[in-house]
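Since the structure is predicted, the reported quantities are computational estimates derived from the model, not experimental observations. Each residue takes its place number in the sequence, starting with 1. Note that these values count all heavy atoms, side chains included, but never hydrogens, waters or copies made by symmetry.
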Amino acid sequence: MNPNARYAQSAFVDEYGQPYIILKEQDKRERVRGIEALKANILASSSLTHTLRTSLGPRGMDKALVNRDGEVTVSNDGATILEQMEVEHPAARLIVDLSKSLDNDIGDGTTGVVVMAGAILEQIPALLDKGIHPTRIADGLERAAMEAARHLETIADRIEFTKENTAPLLQPAFTSLSSKLVNKCGDQFSRIAVDTVCSVADFERRDVNLDYIRLETKVGGKLEDSQLVKGLVIDKGMSHPQMAKTIEDARLAILTCPFECPKPKTKYGLEILTPEEYRELAEMEQKYYRDMVKLCKDCGANLIICQWGFDDEANYLLMREQLPSVRWVGGMEIEAIAMATNGRIVPRFEDLSPEKLGHAGLVRELTFGTENQEMLSIERCPCTNITTVLIRGGTRMICDEAKRSLHDAICVTRNLIRDNRIVFGGGSAEIACSLRLAGLVDTVPGVDSFCYRAFADALEAIPVALAENSGLPGIETLTQIKAAQVRESNPVLGVDCTEKGTSNMREQGVFETLIGKRQQLMLATQMVRMILKIDDIIRPSADE
């Protein structure tokens, strides 16, 4: 037996026949190469996408995820579900990154993009069995996706709205909320989403800065108690119960220095031998506090916002001087308050001056429930763009899901302001693109025709999933809608998920943004292309 035979698969030999190492500790590694590696990646990724398939659409099911601490998250948002899952397979992690990418860029459609990617992956093994090279498959799928994106633009419609007339934006926002836990309050939340985005939008530049929008949650009450506040709401209260709860024409001193005596940075000991020394030390400490409060009063401030804590003595002096104060305000909130009130963040008391104060027309403390839970509302700020949505709910889980749902609706409205073109939902756009690609199969030369056919079949997975999740026969519903679209030349016919009696999505008012739908197709295709490029998997063995 050739002594080098056992190294043939994992090492090379030099001119003297001696093996040399390519991979560190290669005898302890598991390695899968070629078509087997590709099919293993496709299987792992497809298994993950099947988890989200039943969550697609307005009748989709929710998923309950329990973390290591026993906390339960109930959601049907694709990005949230994948983020909570502990995915170990390297190729399946690309699916998680895919949903995060769409969530960061578009904000909606994270479940649909994962289902679409899984449908494309399921078509790959048949193409590989035909002997088509993975690179040719990847290029053909990308050309098919670009053709589908171009066809989306031809069937797209426009929503006309102005800064004064934002009512047309309500229906797309309501559509994004229809599959969420908060759909029973869809009218209220869609109105909140539209009003929030329009209050910070620049309609001339067609741009929206989401940094001006804050979403705050407070457990207690009902979802209907959620409200939009033109200003800031922070989860803090006054530092002393006897301080004023409402301040008109507030002048805010925004501090990042504590109301405490200076302390050495090293270990020290202080020896007090006589009562006179103790009184002198106490008087010195009180003088520090009096000087701090005096500097705040002299600059004209009538409200203190401090990032750090207060000593009890300082808190008492602030109350006695009728100077309301808020302590332990987070760094992000401090920056938001400074931006909203046009104030300066002051690191030292000596730097306080009237020019550095922030201004607000009204600052009030909001009280919730019977346990004196407080929040601070800063309204009528000079920077009128900043808004806060205060979300209420019976439990923490409901508040978090309502926050995620409202974020999706806000992103949909933002996308419409950027590009007011829409396509119709219910799987109608996917069926129209599938018919378009199927009609081009005979005209596309080479192996691309197989890729066009595979992409057309993958597009049909979306309406099939919508129908199955709504309790309808998937294949039968799909064939009926395809036949109706071809017969009537009407690309707005889709799956009647809510059983309203019509398949016309324009009459039902089911819209999706063109920019979001196009990004779903392109991102799913890019992810599949990335998986097709992997032909070697090297990982530690199970015994290591």
Charged N to carboxylate O under 4.0 angstrom, [X] versus [Y]?
| X | Y | result |
| --- | --- | --- |
| Lys180 | Asp408 | yes |
| Glu333 | Lys236 | no |
| Glu379 | Arg364 | yes |
| Glu216 | Lys218 | no |
| Asp195 | Arg191 | yes |
| Arg529 | Asp139 | yes |

Show your working on side-chain contact (heavy atoms from CB on, under 4.5 Å) between Met397 and Val74 and close with a plain yes or no. CA-CA 7 Å; Met397 181 190 68; Val74 177; 3.3 Å; yes
Give a yes or no on whether Arg136 atom CZ has more than 12 heavy-atom contacts from other residues, nucleotides or ligands under 6.0 Å away.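 Open.
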For Lys245, I'd like to know if atom NZ has over 12 heavy atoms of other residues, nucleotides or ligands within 6.0 Å.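 Buried by this count: over 12 neighbours within 6.0 Å.
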Rounded distance [0.5 Å steps], [atom1] in [X] versus [atom2] in [Y]:
| X | Y | atom1 | atom2 | result |
| --- | --- | --- | --- | --- |
| Gln227 | Ile391 | CD | CD1 | 11.5 Å |
| Met527 | Leu98 | CE | CG | 5.5 Å |
| Leu121 | Ile95 | CG | CD1 | 6.0 Å |
| Cys185 | Glu224 | SG | CD | 4.0 Å |
| Cys399 | Leu390 | SG | CG | 9.0 Å |
| Leu478 | Leu466 | CG | CG | 11.0 Å |

Whether [X] side chain and [Y] backbone form a donor-acceptor pair below 3.5 Å:
| X | Y | answer |
| --- | --- | --- |
| Ser470 | Leu472 | no |
| Ser405 | Glu401 | yes |
| Ser226 | Arg392 | yes |
| Arg206 | Ile417 | yes |
| Arg214 | Thr388 | no |
| Thr49 | Ser46 | yes |
| Glu365 | Met238 | yes |
| Ser45 | Ile42 | no |
| Ser75 | Thr80 | no |
| Asp225 | Lys222 | yes |

Do [X] and [Y] come close enough that some side-chain heavy atom pair is under 4.5 Å?
| X | Y | answer |
| --- | --- | --- |
| Ile398 | Thr395 | yes |
| Arg251 | Leu303 | no |
| Leu102 | Gln519 | yes |
| Ile378 | Ile337 | yes |
| Glu512 | Gln520 | yes |
| Asp448 | Arg143 | yes |
| Asn183 | Pro58 | no |
| Leu65 | Val72 | no |

Of the non-hydrogen atoms in [X] and [Y], which two are nearest, and what is the gap between them?
| X | Y | result |
| --- | --- | --- |
| Ala467 | Pro473 | CB-O, 4.4 Å |
| Gly426 | Met505 | CA-SD, 3.8 Å |
| Phe455 | Ala148 | CE2-CB, 4.2 Å |
| Pro168 | Pro172 | O-CD, 3.4 Å |
| Ser55 | Met61 | OG-O, 2.8 Å |
| Ala173 | Ala409 | O-CB, 4.1 Å |

Show your reasoning for whether side-chain contact (heavy atoms from CB on, under 4.5 Å) applies to Arg344 and Ile254. CA-CA 7 Å; Arg344 296 281 298 276; Ile254 307 171; over 6 Å; no
Identify all side-chain donor-acceptor contacts of residues 483-495 below 3.5 Å with residues at least two apart in sequence or on another chain.
from: Gln485; atom 1: NE2; to: Ser428; atom 2: O; distance (Å): 3.4
from: Gln485; atom 1: NE2; to: Leu493; atom 2: O; distance (Å): 2.8
from: Asn490; atom 1: OD1; to: Val492; atom 2: N; distance (Å): 3.3

Taking atom types as modelled and ignoring hydrogens, do the side chains of [X] and [Y] form a donor-acceptor contact shorter than 3.5 angstrom?
| X | Y | result |
| --- | --- | --- |
| Arg59 | Asn469 | no |
| Ser434 | Glu460 | yes |
| Gln508 | Asp496 | yes |
| Thr217 | Arg396 | yes |
| Lys63 | Thr54 | yes |

According to the ring pair (Phe, Tyr, Trp, His ring centres under 6.0 Å) rule, which pairs have a member within residues 491-530, sequence neighbours left out?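 Those involving residues 491-530 are Phe424-Phe511.
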side-chain contact (heavy atoms from CB on, under 4.5 Å) for Glu153 and Leu514? Distances and angles first, verdict last. CA-CA 7 Å; Glu153 296 181 1; Leu514 172 63; 4.2 Å; yes
Salt bridge (Lys or Arg N to Asp or Glu O under 4.0 Å), that's the test. Do Lys517 and Glu430 meet it? Break it down for me. CA-CA 9 Å; Lys517 181 61 68 176; Glu430 286 83 358; 2.5 Å; yes
Using side-chain contact (heavy atoms from CB on, under 4.5 Å), reason through Met116 and Thr525 one step at a time and then give a plain yes or no. CA-CA 9 Å; Met116 183 65 199; Thr525 307; over 6 Å; no
Please table the atom pairs, donor to acceptor, closer than 3.5 Å between any side-chain atom in residues 436-443 and protein atoms at least two apart or in another chain.
from: Arg436; atom 1: NE; to: Glu147; atom 2: OE2; distance (Å): 3.2
from: Arg436; atom 1: NH2; to: Glu147; atom 2: OE2; distance (Å): 3.3
from: Thr443; atom 1: OG1; to: Leu440; atom 2: O; distance (Å): 2.8

